[in-house]
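Side chains included, hydrogens not; waters and symmetry mates left out as well; all remaining heavy atoms used. Naming convention: chains lettered A, B, ... in sequence-line order (proteins, then strands); numbering from 1 in each chain.
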Number of protein chains: 2
Amino acid sequence: MDRYVELLKKKGLKITPQRLEILRYLDENRIHPNIERIHSDLKKDNPSLSKTTVYNVIDDLTKADLLQILTINRFEILCDFKADPHHHFLCKECKKVYDLDEDFNCHLLEKIRSEGYQVDEVHGYFKGTCRSCLNKREGGK
Amino acid sequence: MDRYVELLKKKGLKITPQRLEILRYLDENRIHPNIERIHSDLKKDNPSLSKTTVYNVIDDLTKADLLQILTINRFEILCDFKADPHHHFLCKECKKVYDLDEDFNCHLLEKIRSEGYQVDEVHGYFKGTCRSCLNKREGGK
DNA sequence: TTCCTATCTTGTAATGGTTACAAGATTGAA
DNA sequence: TTCAATCTTGTAACCATTACAAGATAGGAA
Ligand SMILES: [Mn+2]
Ligand SMILES: [Mn+2]
Ligand SMILES: [Zn+2]
Ligand SMILES: [Zn+2]
């Protein structure tokens, strides 16, 4: 059975072409796209896709814990296929959002939990300039 | 000289009553208020304060690095007087945002820097349920 | 397979937080 | 004291997101 059909079934969501396409797209394109990007990319193969549907599906999938919305900037909704927990780096110059795979701060997490907080989500956002933009800056002088 | 006058002067910003009031308010109320809250609280003593001015001043002070805007949720602008770097815990139940004073993940920060990223900001956001809300839940059963 | 209802998709309209703008007030340097 | 640059204010515009209603689809039951 298709991997994405399985994911939706497991969460009790109906199988629709739109949900499958968006899920596949996010899994295969780990670029933290915004709503506009998802919509315009998928419209190529499915011209009738409505932007409202993209909003709805992102909402459903987020509630089902199949993806997460980043709040690394407040100007747009950035979507991330939910794989292992990881953190992010936003380059202020090219605006790309990179994944950081390294494990992140178990010590503080333990500390907070031991103080009685119930922690459901851990978000780590680093902001600055990526290597590629730094290089361009060097080259361009 | 007034502490806040000094801060503004150091950054080359003109001294205005609105800027001083907002700066003082944020320093004395470390509750990560949103624009609406700042505006309505300060309007009590200064009825002519415009919401546009709150937006403008927050913008100026952020650019001057005197405060930071949290992106812990995408529904509102939360302001934080810029003191020592620290991280945050959002309670999904009462919506309060707590400061986490513990030092946070120097290891990963070093790793990223060593890989060539230039890191300007580090944001750590934890989300879940705070002790006070957990207690209420227990008591209310 | 067929039927039927709950759910989903779509286009359009409404919403509301944020930003743009222009006129009048204030600041601070000369 | 003067005056230009900057700031504050109210109003209007913007536009991403959400609400809504009508028609389509999914999937369980018979
Ligand atoms: Mn990611
Ligand atoms: Mn804080
Ligand atoms: Zn870059
Ligand atoms: Zn709470």
Trainee: Just to be sure I understand the geometry, which residues of residues 7-20 of chain B put a non-hydrogen atom under 4.0 Å away from DNA chain D?
Mentor: K14(B), T16(B), Q18(B), R19(B)

Trainee: Would you please say whether a donor-acceptor pair under 3.5 Å links the side chains of D80(A) and H86(A)?
Mentor: yes

Trainee: For DNA chain D, find the residues of residues 35-45 of chain B with a heavy-atom distance under 4.0 Å and give them by number; none if there aren't any.
Mentor: none

Trainee: In terms of side-chain geometry, is the basic nitrogen of K10(B) or E6(B) positioned less than 4.0 Å from the acidic oxygen of its partner?
Mentor: no

Trainee: Can you tell me how the ring of Y117(A) sits relative to the ring of F89(B), calling it parallel under 30°, perpendicular over 60° and tilted otherwise?
Mentor: tilted

Trainee: Using the ring pair (Phe, Tyr, Trp, His ring centres under 6.0 Å) rule, take H88(B) and H32(B) through it: C-alpha gap first, then chi angles, then the decisive distance, then the call.
Mentor: CA-CA 10 Å; H88(B) 296 92; H32(B) 313 101; 4.7 Å; yes

Trainee: Nearest whole Å is fine: how far is dT18(C) P from K51(B) NZ?
Mentor: 8 Å

Trainee: Which nucleotide in the set dT10(C), dG10(D), dT8(D) lies at the smallest distance from any side-chain heavy atom of V57(B)?
Mentor: dT8(D)

Trainee: With the threshold set at 4.0 Å, does a side-chain nitrogen-carboxylate oxygen contact exist between K11(A) and D60(A)?
Mentor: no

Trainee: Under 3.5 Å, side chain of N46(B) to main-chain N/O of L42(B), donor-acceptor pair present?
Mentor: no

Trainee: List in numerical order all residues of residues 60-67 of chain B for which some heavy atom is under 4.0 Å away from an atom belonging to DNA chain C.
Mentor: none

Trainee: Between P on dT18(D) and CG on D59(A), what's the gap in Å once rounded to a whole number?
Mentor: 7 Å

Trainee: Is T53(A) close enough to dT10(C) that one of its side-chain N or O atoms is under 4.0 Å from OP1 or OP2 there?
Mentor: yes

Trainee: Within this structure, what is the CD1-to-P distance between I58(A) and dT10(C), rounded to whole angstrom?
Mentor: 14 Å

Trainee: For a quick test of reading the model: is some side-chain N or O of T52(A) closer than 4.0 Å to OP1 or OP2 of dT12(C)?
Mentor: no

Trainee: Which whole-number value in Å describes the distance from N56(A) CG to dA19(D) P?
Mentor: 10 Å

Trainee: Roughly, in whole Å, what's the span from CZ in R74(B) to C1' in dT18(C)?
Mentor: 16 Å

Trainee: When you look at CZ of R37(B), are more than 12 heavy atoms from neighbouring residues, nucleotides or ligands closer to it than 6.0 Å?
Mentor: no

Trainee: In whole Å, I'd like the distance from the CZ atom of F75(B) to the P atom of dT17(D).
Mentor: 10 Å

Trainee: Does atom NZ of K96(A) have more than 12 heavy-atom neighbours, drawn from other residues, nucleotides or ligands, at distances under 6.0 Å?
Mentor: no

Trainee: Angle class for the Y125(A)/Y125(B) ring planes (parallel below 30°, perpendicular above 60°, tilted otherwise)?
Mentor: perpendicular

Trainee: Is there a donor-acceptor pair under 3.5 Å between the side chain of R74(A) and the backbone N or O of E76(B)?
Mentor: no

Trainee: From CD of E76(B) over to P of dT17(D), roughly how many Å is that when rounded to an integer?
Mentor: 16 Å

Trainee: Measure OH/Y55(A) against P/dG11(C) and give the value in whole Å, please.
Mentor: 15 Å

Trainee: Kindly say whether T62(A) contributes a backbone atom to a donor-acceptor pair with the side chain of D59(A) at under 3.5 angstrom?
Mentor: no

